[in-house]
Amino acid sequence: MIRRIGATPAAVVAGVALTAALALVSVFVGVADVTPGSLLRGGPDGEAALLLAASRLPRTLALVLAGAASAIAGLIMQMLVRNRFVEPATTGTTEAAALGLLVVTVSAPGLPLAGKMAVAIGFALVGTALFLLLLRRLPVRTVILVPLVGLMLGSVIGAVTTFFAYRLDLLQTLDTWLTGDFSGVLRGRYELLWVAFAATAAAWVAADRLTVAGLGRDFTTNLGMHYGRLLALGVTVVATVASVVVVTVGAIPFLGLIVPNIVSLLLGDNARRAIPWVAVVGAAFVLVCDLIGRVLRHPYEIPLGVVVGVVGAAVFLYLLLRSSERAH
Amino acid sequence: MIVLQSVTKRYADTAVVDDVSIELGHPGITSVIGANGAGKSTLLSMIGRLLLVDSGTITVDGLDVTTTRGALLARRLAVLRQDNHLTARLTVRDLVAFGRFPHGRGRLGPSDREAIDRAIDYLDLDPVGGRFLDELSGGQRQRAFLAMTLAQDTEYLLLDEPLNSLDLRHCVQTMRLLRRAADELGKRIVLVLHDINFAAAYSDRIVAMRAGRIHVAGKPTEVITTAVLRQVYGLDIAVDEFGGHPMAIYHL
Ligand SMILES: Nc1ncnc2c1ncn2[C@@H]1O[C@H](COP(=O)(O)OP(=O)(O)OP(=O)(O)O)[C@@H](O)[C@H]1O
Ligand SMILES: [Mg+2]
C-alpha cells in the first residue's frame, strides 16, 4: 500500500506541512534569540525583526530552495542518463560550474553576481555535455561504470580548478563553493536561488516529456518527440540549478543522489508524480541536517555540507545494499 | 502504404540491409521472417525512424520518415523494438498511458483513458496494472510494452518479435488479438516472427529476408515451402497443411 501514499492529497498536504514546520523551527533556532515573543515585544523595527529579515528568513528560504532544487536536479540527471547513481556532483557538472566561477572571479572580478552565475552555467553545460559524450563513446555501459566515468571527469576538472585556485591563493574560496554552508546566507545573495526555482518549475512543466526521455531514445522517437531537444532541456535545468547552488550557498553533496532514490523506491519514476515529492523531501532533508549542524556544537556550527555528507553517505550505502539485494 | 526505395544500411563495409525496395503495410498482417542477422530488425528500425538510412527513401502514406515531423508520424505509426531495457520505475498503467502521448501531448481525456483501459484489458494486464515494470516477469513486461504500442492507436504497427518471452497461451492470445485488430479496426501490422507456423497461420503476407535482401514475398502458401525454407534457413523442413494453413514440421 505504501506506494499509494504519494497519490493521496492528504499525504501531499502532510508532507508540505511537515516541511513548513521544519522551516519554522529553522527560523527560530540560532545564536541570538529570535522567538515569537521577542518579535512581538520588539515590534517591526526591533532587533529580533531585523535579524529575522536580514539573516534568519534568507537562510531558511535558501535551505528550502537549494534543497528542493538540488534534489530535483539529481532526479533529472538520473532520468537523462538512465542511471540511479548519478547527480550533478558525479557527472562533472558541479566541478565545471566551480571552474567557471573561478575563471570569472579571476578574469572579471567586477562582474555582478548574476553575470558570474551565467558564466558558471555555461561551464556547467559544457562539463555535462562532455560527460554525455564520454558515455556515448563507452563500449559497455554498466550501472557502476557510468558514475565512475562521471567521478573521473569530475576529478579531472576538479584537479585543474584546484591547481589554479592554489596558485591564485583562492583555495578557501573554492572550498566554500564546493561545501554547502548556510551560516553566511544573507539578504542580497540568496535571491539568486529563485533562478534555480524557475529552472525546476520548467522541469515540472515538462515533466511528462522528461519521463519519456527517461525511457530512452527509441521510445522517445516512437512517441514523436525529439530526444536531443529533451536532453538539452534537461541538461540546461541541471546545469542551471547546480551552478546557482554553487554560486550562492555551495554544493550539497549526496542530496541529488539520495532523495530521488528514496522517492523512486516509494513512488516510482513518473516525474509528474515524483518531482513534488523530491522537492519536499529534499527541502525537509536539508532543513533537518542544517538544524543538526546548528545544535550539535552550539554555539558553533557544523557546515551543512559536512552533515549532509555524513547522513547522506549512510543513507546511500543503505540504498546501495538494498538495490543489490533486489537485483538478485 | 509503407514504400521503401533502394534502402541500404551499412555497418563498416557490410550492407546489412542491401538495396531493398518493397511495399509493406498492406491491410492485415505482414510477417517478416529470416535467419538471425538477416536484417529484419534493421529494416523495421529504419521504417520506424529509430535508425537512419544510409541511402534510399522510406515513406509512410507519402510522408518521408526522415523529414516528417515526429509528432505527426507518431499518430500514424508505432514501432516496438525487439529488446527493451527500461531502468525507469514506471507502473504498467503509467507506461501504457504514455502511449497516448502523441494524441494529447500528456493530457489524458476520457477517450485516452478508454484506450488505455482497453489495451490493458486486451493484454491481460489488469492484475498487474499498478505494479512497477521492474517487478514483472519478462513476459508480463513484454505485454506491457505491447499494450503501450496498442494504446498509441496508430494505423501502422511495427512489432519486432512481439512474442518474445511470451508463454504459449499468451503467444496465441497476442496473435489472435493482432488478427482481430487487423480485421475489425483496419490496422496494418508488420511483425518480425521467428515461429514460422505462427507466421503461416496468422499472416496475409510473409516476407522472407536473407542476408540483407528480400528473398521472397507473398502469400503464406508461396513462402512457407520446403524450397524457400531451405534457402532461408539452410534446413530441410517438411511442410504439411492444416486447416488451410501451411505448417512446417521443423522440430523433428
Ligand atoms: N550497431 C551495429 N553495428 C554493427 N553491426 C550491426 C549493428 N546492428 C546490427 N548489426 C549487424 O547487422 C546485421 C543485421 O542485424 P539485425 O538486427 O537487423 O538482424 P535480425 O534479422 O533482426 O536478427 P535477429 O533474428 O537475430 O533479431 C547483423 O549481422 C548484425 O550483426
Ligand atoms: Mg532482430
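Reckoned from all heavy atoms, side chains included, excluding hydrogens, waters and symmetry mates. Lettering follows sequence order; numbering is per chain, from 1.
Neither the backbone nor the side chain of B:Leu133 comes within contact range of chain A; no heavy atoms are under 4.5 Å apart. The parts of B:Leu50 that come within reach of chain A are both its backbone and its side chain, each placing non-hydrogen atoms under 4.5 angstrom from that chain. Interface remark: B:Phe98 contributes backbone and side-chain atoms alike to the contact with chain A (heavy atom separation under 4.5 Å).
Distance alone, capped at 3.5 Å, is enough to place a donor-acceptor pair between the A:Arg272 side chain and the A:Trp204 backbone. B:Glu161 contributes no side-chain N or O that, together with a main-chain N or O of B:Val192, makes up a donor-acceptor pair within less than 3.5 Å. Listed for the B:Asp18 side chain is no donor-acceptor partner under 3.5 Å among the backbone atoms of B:Ala15.
The candidate from B:Leu95, B:Val79, B:Asn84 with the greatest count of non-hydrogen atom pairs under 4.5 Å with chain A is B:Val79. For chain A, the option among B:Asp94, B:Leu90, B:Leu72 with the highest count of heavy-atom pairs below 4.5 Å is B:Asp94.
Against chain B, no residue from residues 126-136 of chain A qualifies, as none has a non-hydrogen atom under 4.5 angstrom away. Of residues 220-233 of chain A, those residues lying under 4.5 Å from chain B by any heavy-atom pair are A:Thr221, A:Asn222, A:Leu223, A:Gly224, A:Met225.
Using a cut-off of 4.0 Å between Lys/Arg side-chain N and Asp/Glu carboxylate O, B:Lys187 and B:Asp153 are scored as salt-bridged. A salt bridge does not link B:Glu155 with B:Arg76: none of the charged nitrogens is closer than 4.0 Å to a carboxylate oxygen.
In summary, the aromatic rings of A:Phe285 and A:Phe254 are positioned with their centroids too far apart to meet the 6.0 Å limit.
Under the side chain to side chain donor-acceptor pair (under 3.5 Å) criterion, A:Asp218 pairs with B:Arg81, sequence neighbours left out.
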Review item, side-chain donor-acceptor pairs of residues 23-31 of chain B, under 3.5 Å, at least two apart:
unit_1  : atom_1 : unit_2   : atom_2 : d
B:His26 : ND1    : B:Arg205 : NE     : 3.3
B:Ser31 : OG     : B:Ser203 : OG     : 2.6

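B:Gln5 and B:Ser21 form no side-chain donor-acceptor contact under 3.5 Å, judged by distance and modelled atom types alone. Looking only at atom types and distance, the side chain of B:Asp64 has no donor-acceptor partner in the side chain of B:Thr59 under 3.5 Å away. A side-chain N or O of B:Ser41 and one of B:Gln82 form a donor-acceptor pair less than 3.5 Å apart.
Summarising the geometry, atom CZ belonging to B:Arg89 is positioned 4.5 Å from atom CG belonging to B:Asp134; distances are rounded to the nearest 0.5 Å.
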